[in-house]
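Worksheet: the structure to be examined is printed underneath.
Naming: A, B, ... by sequence-line order, numbering from 1 per chain.
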2 protein chains.
Amino acid sequence: MPTPHYGQPRYRTIADELRKRIKTEAIRPGTLLPPEATLTAEFQASRGTIRQAIGVLREEGLVATEHGRGSFAVRRTNPVSNSHHATQQKIPADARLAGLLNVDIGTILVEHESVTLANDRVDSVVRVYRPASPAAIKPASNASTSDNSNPP
Amino acid sequence: MPTPHYGQPRYRTIADELRKRIKTEAIRPGTLLPPEATLTAEFQASRGTIRQAIGVLREEGLVATEHGRGSFAVRRTNPVSNSHHATQQKIPADARLAGLLNVDIGTILVEHESVTLANDRVDSVVRVYRPASPAAIKPASNASTSDNSNPP
DNA sequence: AGAAATTTGTCCGTATGTATC
DNA sequence: AGATACATACGGACAAATTTC
């Protein structure tokens with residue numbers, strides 16, 4: 001069989017499905033996801049693809065994996081309270097950000113958001129914006145030194 | 001050949017070596033790493049393993065990879081960054097900020113905005129949000145319910 | 001305590017799709 | 001259009017951690 005992946009790759013589709021099951025608590029917080037072998041059978045995908053899907057959820061902080069044990073749906077889907085908070089998402093640059101970062105409006109940026117704590121209370125929200133791709137930055141004063149690379 | 005990997009896995013060893021080249025600027029900031037095929041030959045490892053190694057560096061923020069182009073050593077921010085831009089303004093909290101800061105929507109926040117520089121270029125925009133008046137913070141809410149499983 | 005079964009981790013080789021040069 | 005380079009996907013094999021018997 002070939003390996004077509006127009007549009008959405010397979011591992012992302014699988015990640016989406018598993019994410020839904022976690023968010024709807026079809027997979028309850030703190031419990032194990034089905035083992036990779038089971039998911040392989042259910043989704044008719046190779047183990048590598050299943051592992052890639054789980055990797056996505058791990059990066060999102062939705063699951064935690066342990067060698068020889070399995071992948072757990074992380075507890076505490078609760079809003080805030082005492083746990084740290086750190087998210088990352090991609091957003092298009094508005095005029096203000098575009099101007100500061102020297103990119104075109106609409107350029108995809110990565111927004112890192114975290115909070116600082118003081119006495120177990122959220123003290124401030126910190127957001128950092130950076131172009132998702134360094135290549136998006138518009139040229140400025142280019143001197144000499146013609147490299148074979150011209151990215152950031 | 002079997003696949004022995006006692007102790008340090010291969011992909012981590014390769015990541016360590018590449019990291020060293022970046023930190024010592026043997027691979028200069030902003031330039032391309034060798035393509036995966038070249039690294040495959042040099043380290044006598046499969047492409048999957050090379051990709052795993054690069055993935056480690058990507059997570060560390062040392063490299064950025066672009067489809068069809070390659071992986072770049074990221075231009076790093078200077079230790080002593082002199083911010084030339086810093087503003088401060090008051091804004092009402094939207095739902096997202098209000099939830100994180102535990103204040104009512106519409107509560108007046110102070111937004112501090114600054115930028116970090118790298119090689120005289122703007123590298124990122126940083127924004128910090130804090131209630132203009134600490135009195136706006138609502139009394140604590142509770143969490144922590146029963147536990148009947150024992151993962152992490 | 002020890003052996004077997006289960007489950008995730010690492011690594012290889014190959015093939016094909018997609019983006020960039 | 002062709003070459004180069006990264007992305008996705010498959011399949012197999014063995015290693016290592018955990019659990020079960």
Side-chain angles (χ1 to χ4, degrees), chain A residues 1-18 27 31-59 62-74 108 132-137 146-152, chain B residues 1-18 27 31-59 62-74 149-152:
Chain A
M1 287 296 235
T3 309
H5 52 92
Y6 301 95
Q8 173 106 321
R10 216 117 128 56
Y11 75 92
R12 291 210 173 271
T13 306
I14 296 171
D16 290 344
E17 171 61 26
L18 293 176
I27 298 175
T31 66
L32 279 171
L33 272 66
E36 293 170 357
T38 304
L39 296 174
T40 287
E42 174 183 345
F43 290 105
Q44 286 291 299
S46 75
R47 202 183 143 209
T49 301
I50 298 295
R51 286 176 60 78
Q52 229 174 328
I54 293 178
V56 169
L57 303 181
R58 189 164 37 235
E59 276 181 28
L62 279 175
V63 308
T65 304
E66 295 183 26
H67 193 166
R69 293 244 273 162
S71 292
F72 300 92
V74 144
I108 299 303
S133 159
I137 301 172
S146 63
D147 250 323
N148 59 344
S149 60
N150 59 336
Chain B
M1 295 293 226
T3 310
H5 52 93
Y6 302 94
Q8 174 108 319
R10 222 112 119 61
Y11 75 94
R12 291 210 173 269
T13 306
I14 296 171
D16 289 345
E17 171 60 26
L18 292 176
I27 298 175
T31 66
L32 278 171
L33 271 67
E36 294 172 352
T38 304
L39 296 174
T40 288
E42 174 182 346
F43 291 105
Q44 287 291 298
S46 77
R47 211 186 133 208
T49 301
I50 297 296
R51 285 176 60 76
Q52 231 175 327
I54 293 178
V56 169
L57 302 180
R58 188 165 37 234
E59 275 183 30
L62 278 176
V63 308
T65 304
E66 296 182 29
H67 194 163
R69 293 242 275 160
S71 291
F72 300 94
V74 140
S149 55
N150 53 340

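- Remark: P of D/dT4 and CG of B/Leu39 are 17 Å apart, rounded to the nearest angstrom.
- The residue B/Gly70 sits close only to the backbone: its heavy atoms come under 4.0 Å of sugar-phosphate atoms, none of a base.
- By the side chain to side chain donor-acceptor pair (under 3.5 Å) test, B/Thr38 pairs with no residue at all, sequence neighbours left out.
- The bend of the helix from C/dG2-D/dC21 to C/dC21-D/dG2, defined by the angle between the axes of its first five and last five pairs, stands at 10° to the nearest 10°.
- Here the P atom of nucleotide C/dT10 and the CD1 atom of B/Ile14 are 13 Å apart, to the nearest Å.
- Atoms CD1 (A/Ile50) and P (C/dT7) sit 15 Å apart, rounded to a whole Å.
- Distances shown here put every side-chain N or O of A/Thr65 at or beyond 4.0 Å from the OP1 or OP2 atom of C/dG9.
- B/Glu36 has its CD atom 9 Å from the C1' atom of D/dA7, to the nearest Å.
- In this structure, CD of A/Gln52 is placed 8 Å from C1' of D/dA7, rounded to the nearest angstrom.
- If you find the closest nucleotide of DNA chain D to A/Gln44 and to B/Pro34, the one lying nearer the 5' end belongs to B/Pro34.
- Closest to the side chain of A/Arg51, out of C/dG9, D/dT8, C/dC11, is C/dG9.
- The separation between A/Arg69 atom CZ and D/dA17 atom C1' is 10 Å, rounded to whole Å.
- Side-chain N/O atoms of A/Arg47 and base N/O atoms of C/dG9 include a donor-acceptor pair closer than 3.5 Å.
- The interatomic distance linking B/Arg58 (CZ) with D/dA7 (C1') rounds to 10 Å, in whole Å.
- For a distance-only test at 3.5 Å, the side chain of A/His67 qualifies as a donor-acceptor partner of the base of D/dA16.
- Closest approach of A/Leu32 and A/Arg69 over heavy atoms only: CD2-O, 4.0 Å.
- Residue pairs meeting the salt bridge (Lys or Arg N to Asp or Glu O under 4.0 Å) criterion with at least one partner in residues 48-57 of chain A, sequence neighbours excluded, are A/Glu36-A/Arg51.
- In this structure, A/Thr49 does not reach the D/dT8 phosphate: none of its side-chain N or O atoms is under 4.0 Å from OP1 or OP2.
- In this structure, the separation between CD1 on B/Ile14 and CD on B/Glu42 is 9.0 Å, given to the nearest 0.5 Å.
- Judged purely by distance below 3.5 Å, without hydrogens or angles, the side chains of A/Arg10 and A/Thr49 never pair a donor atom with an acceptor atom.
- Residues A/Gly68 and A/Arg12 each lie close to DNA chain D; by heavy-atom proximity, the contact nearer the 5' end of the strand is made by A/Arg12.
- At whole-Å resolution of the value, CZ in B/Arg10 and C1' in C/dC11 are 8 Å apart.
- With B/Ser71 as reference, B/Thr65 is the one residue of B/Thr65, B/Ile27, B/Leu39 to meet the side chain to side chain contact (heavy atoms under 4.5 Å, CB included) rule.
- Closest of all the heavy-atom pairs between B/Leu33 and B/Ala73 is CD1-N, 3.7 Å.
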